[in-house]
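To start, the structure under review is shown below, and the notes come after it.
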Amino acid sequence: MKKLFLLFVSTLFLHIQLMAADVLQNVYARKTTSLNGWWQVIIDPYDAGTEDHRMQESKNGFFMNARPQSPSEHADYDFSEKDALMVPGDWNTQRKELVFYEGTVWYKKDFRYNLKKDKLLYLYFGASNYQTDVYLNGEKIGSHEGGFTPFFFDITQKVKKGENFIVARVNNRRRTDAVPSANIDWWNYGGITRDVMLVETPMAHIDDYSVKLKKGQYDKIEVSVQLNLPVPGVRIDVKIPELKISQKLYTDKKGYAATTFNEKPELWSPEYPMLYDIELKCEGERIKDNIGFRHIETKGKQILLNDKPIFLRGVSVHDEAPFRTGRCHSESDDSTLISWSRFLGCNMLRLAHNPFNEKMVRMAERYGLLLWSELPVFRTLQWDNKDTYANVSRQLQDNINRDHNRCAVIVWSLGSDTPQNDARDNFMTGLAKQVRNKDDERLLTLSMEVENKNGVATFLDRLSKYVDIISISHFLGWDSGLPEDCEKQKWTLPKDKPLFISGFGAGALAGRFGAKTEKWTEEYQAEVFRKNLKMFDKISSFTGCAPRVLMDFRSPRRQNHETQNFFDRKGIVSERGQTKQAFYVLQDFYKHKGAFKTKNKK
């Protein structure tokens, strides 16, 4: 039977274009070969590796990895072990001379592989910032734009038995038509910043799957599976041992299978982050995952988790590593940020301003931290540019594809601090509809602004009708006014939706002390926190906050050498791990909002 199936798939492979996987869900549970480590590099500020002296596309660029074949030949480049960068990692913090570099770097990696005839092979990148062109053995296999979502290519027909080489051209130059655009307020870390691996699968394999509670119910579990090929009759074994679930499913003509189990699982929550082992088996490939079951919704001014009101005790976190700075890329980076957040008393994190790595999301889930996942739509984009919209739409799709099984993710955020105009409204409305069509079981929002005049903060954003949560940034006492202005601040807000403060705070240099009226001191920052928290707590729809920001992070915009030195100092922890006074102000506030210690079952 298996031989007949393989013959059928092989025939399908030969006579139709093989459908590449769209999702490749849970890549770390598959058969993988890591390509992390040292990659040979060429720094190429003039893009000499892609253009000739007439600025025409070169057919013999650096991607060919060419070497002179005789003493009479020469080459103006070579990949050498003397010039290498670590992957994953950004180039800005690996070399001092590249700290401000924006441009092209070529990466090369050699590998050996022996692929069996009945298998597929994908080349997978967790993320690379920003424009990435990928070549295998001198042949271009694809491109990707965007710095924070995964991408992969089917290399089954291109990988050679034995020796192979990959070349990746990575360019992080900011552009006004890019996403995020040129006007950002964090360090533009370039490079291959997340894991790179080879992923081997059967020819017909599980591309995507979903395991969740049926909407609005607690005693029904829905399971669906989609293959990469439209192959009918493929057997899929589904197991959830702790619920004594074991069932065989068979795909339809579209390669899809689904069922519903009448079971009432224990629910996942910050207090008790229960995760169930699940197993999906298809054609010899066994995929294991840990799945939590919960419902999240809003009702009037409240956010409900599993039908119970919850106050979101959050903090904004940037994708920047503690102590060493640079892009997060290790479990140690993720663990440190999560441990600081838990000590603070948080039950949620706002992942600002981009999707984080998959391991961070899964780790947060194990520790009972709810997550706000955000697109890198920051400040302003080319709202009328169709290519820019398509770019954002792809990033949104990739983010949902990767994390739709993660119960910790409760909010999809479309972006932050965007201006109000018709073009922007149309742009964001399209994204909102995309979220609703793809995943209507999480909350939708974007971080918006209020107009503050004569002591009255008025919310006027027309996008409020599309979101579940009214989320606003409001830096009273820092960007405008004084801390004591919070005492007389009045608010005009929608009355039928919960309010979440997605950004507030003040800058302080760790270890700088003085009067609470003196900016840049820990005392001033702490006073801003006290006054703002007291103000917000009087608003009836106030359901949570995520002050900016957990840790000081690098930004080229912050050029006060005495206090900033290219760091945004709004962190309540310094980049060296020093807690500031505001940390304990927020911690005390969260204790009164029901902070607790989580119990980890798994």
Side-chain angles (χ1 to χ4, degrees), residues 2 5-6 8-10 12-13 16-32 118-122 124 149-154 156 199-215 220-240 245-261 276-293 358 361-362 393-407 409 412 434-442:
K2 185 174 182 180
F5 169 76
L6 291 175
F8 171 74
V9 174
S10 298
L12 188 67
F13 183 86
I16 68 170
Q17 182 180 4
L18 189 65
M19 294 172 58
D22 291 324
V23 179
L24 213 56
Q25 176 70 223
N26 192 8
V27 66
Y28 290 101
R30 301 173 187 267
K31 181 180 178 181
T32 62
D118 59 344
K119 301 294 183 181
L120 299 179
L121 190 66
Y122 297 96
Y124 181 95
T149 52
F151 58 98
F152 52 91
F153 308 100
D154 183 349
T156 307
V199 185
E200 184 179 299
T201 71
M203 292 186 73
H205 63 83
I206 295 172
D207 179 34
D208 194 15
Y209 59 87
S210 174
V211 183
K212 62 184 180 180
L213 285 174
K214 185 170 183 169
K215 189 170 183 178
K220 295 185 184 299
I221 297 174
E222 295 180 328
V223 177
S224 63
V225 180
Q226 177 65 58
L227 300 184
N228 64 312
L229 285 171
V231 183
V234 176
R235 172 178 155 180
I236 299 170
D237 295 307
V238 179
K239 291 183 179 180
I240 309 179
I245 289 174
S246 181
Q247 185 170 327
K248 298 177 180 64
L249 308 181
Y250 292 89
T251 57
D252 62 16
K253 63 182 180 180
K254 294 182 179 180
Y256 178 80
T259 190
T260 299
F261 299 106
Y276 285 89
D277 293 331
I278 73 154
E279 181 182 295
L280 301 171
K281 185 179 178 181
C282 173
E283 291 304 313
E285 183 180 49
R286 191 187 306 268
I287 299 176
K288 295 183 178 181
D289 206 343
N290 303 114
I291 297 291
F293 298 99
E358 182 174 352
V361 173
R362 287 177 175 271
S393 178
R394 284 193 298 270
Q395 293 189 44
L396 173 60
Q397 186 68 48
D398 290 343
N399 194 28
I400 294 177
N401 282 346
R402 194 194 71 180
D403 289 342
H404 69 80
N405 278 315
R406 307 276 58 85
C407 66
V409 179
W412 299 123
Q434 180 179 345
V435 172
R436 296 299 192 200
N437 290 334
K438 182 66 177 178
D439 182 3
D440 66 347
E441 298 183 8
R442 287 178 171 84

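Throughout, numbering of the chain's residues begins at 1 and tracks the sequence.
- For the residue pair G255 and Q226, the shortest heavy atom distance occurs at O-NE2, 3.4 Å.
- Under the 3.5 Å distance criterion, the side-chain polar atoms of T156 are matched with a main-chain donor or acceptor of L121.
- Remark: the R406 side chain and the N290 side chain contain no N/O donor-acceptor pair separated by less than 3.5 Å.
- A side-chain contact (heavy atoms from CB on, under 4.5 Å) with V234 holds for exactly one of L227, V225, L229; it is L227.
- Counting only distance, with no hydrogens or angles, the side chain of T251 and the backbone of Y256 share no donor-acceptor pair below 3.5 Å.
- Atom NZ of K119 has more than 12 neighbouring heavy atoms from other residues, nucleotides or ligands inside a 6.0 Å radius.
- The closest donor-acceptor contact from the side chain of R30 to the backbone of I287 lies at 3.5 Å or more, if one exists at all.
- By the 30° and 60° cut-offs, the orientation of the rings of Y124 relative to F152 is parallel.
- Between the D207 side chain and the V23 main chain, a donor and an acceptor come within less than 3.5 Å of each other.
- The line from CG of L24 to OG1 of T201 is 7.0 Å long, rounded to the nearest 0.5 Å.
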Requested in this report: May I have the step-by-step check of side-chain contact (heavy atoms from CB on, under 4.5 Å) for D237 and L280, ending in yes or no?
Outcome: CA-CA 6 Å; D237 295 307; L280 301 171; over 6 Å; no

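- Contact check for R442 versus V409: side-chain heavy atoms found under the 4.5 Å cut-off.
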Query - Worked check of side-chain contact (heavy atoms from CB on, under 4.5 Å) between L120 and H205 - result: CA-CA 9 Å; L120 299 179; H205 63 83; 3.9 Å; yes

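- For H404 and Y209, the ring centers sit 6.0 Å or farther from each other.
- Rounding to the nearest 0.5 angstrom, the gap separating the CZ atom in R362 from the OH atom in Y28 is 9.5 Å.
- Within the 4.5 Å cutoff, the side chain of I206 has heavy atoms near those of the C282 side chain.
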Requested in this report: Evaluate the salt bridge (charged side-chain N to carboxylate O under 4.0 Å, His left out) criterion for residues E441 and K215: first the C-alpha distance (whole Å), next the side-chain angles of each, then the deciding distance (0.1 Å), finally the verdict.
Outcome: CA-CA 7 Å; E441 298 183 8; K215 189 170 183 178; 6.0 Å; no

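- Aromatic pair F293/Y276: ring centres closer than 6.0 Å.
- Residues R402 and V361 come closest through the heavy atom pair NH2-CG2, 3.7 Å.
- Under the 3.5 Å distance criterion, the side-chain polar atoms of E279 are left unmatched by any main-chain donor or acceptor of R286.
- Looking at every heavy atom in both residues, V231 comes nearest to A204 through CG2-CB, 4.5 Å.
- Between the CD atom in E222 and the CZ atom in F261 there is a gap of 11.0 Å [rounded to 0.5 Å].
- Side chain of D289 to main chain of D277: no donor-acceptor pair is present (N/O by atom type, distance under 3.5 Å, no hydrogens or angles).
- Across all their heavy atoms, Y250 and A257 have their closest contact at O-CB, 3.8 Å.
- Note that OG1 of T260 and NZ of K220 are 7.5 Å apart. Values are rounded to the nearest 0.5 Å.
- Under the 3.5 Å distance criterion, the side-chain polar atoms of Q434 are matched with a main-chain donor or acceptor of S393.
- The CD1 atom of I236 sits 11.5 Å away from atom CD of Q247, with the distance rounded to the nearest 0.5 Å.
- Between the side chain of N405 and the main chain of V211, a donor-acceptor pair closer than 3.5 Å is present.
- A distance of 7.5 Å separates OG1 in T149 from CG in N399, rounded to the nearest 0.5 Å.
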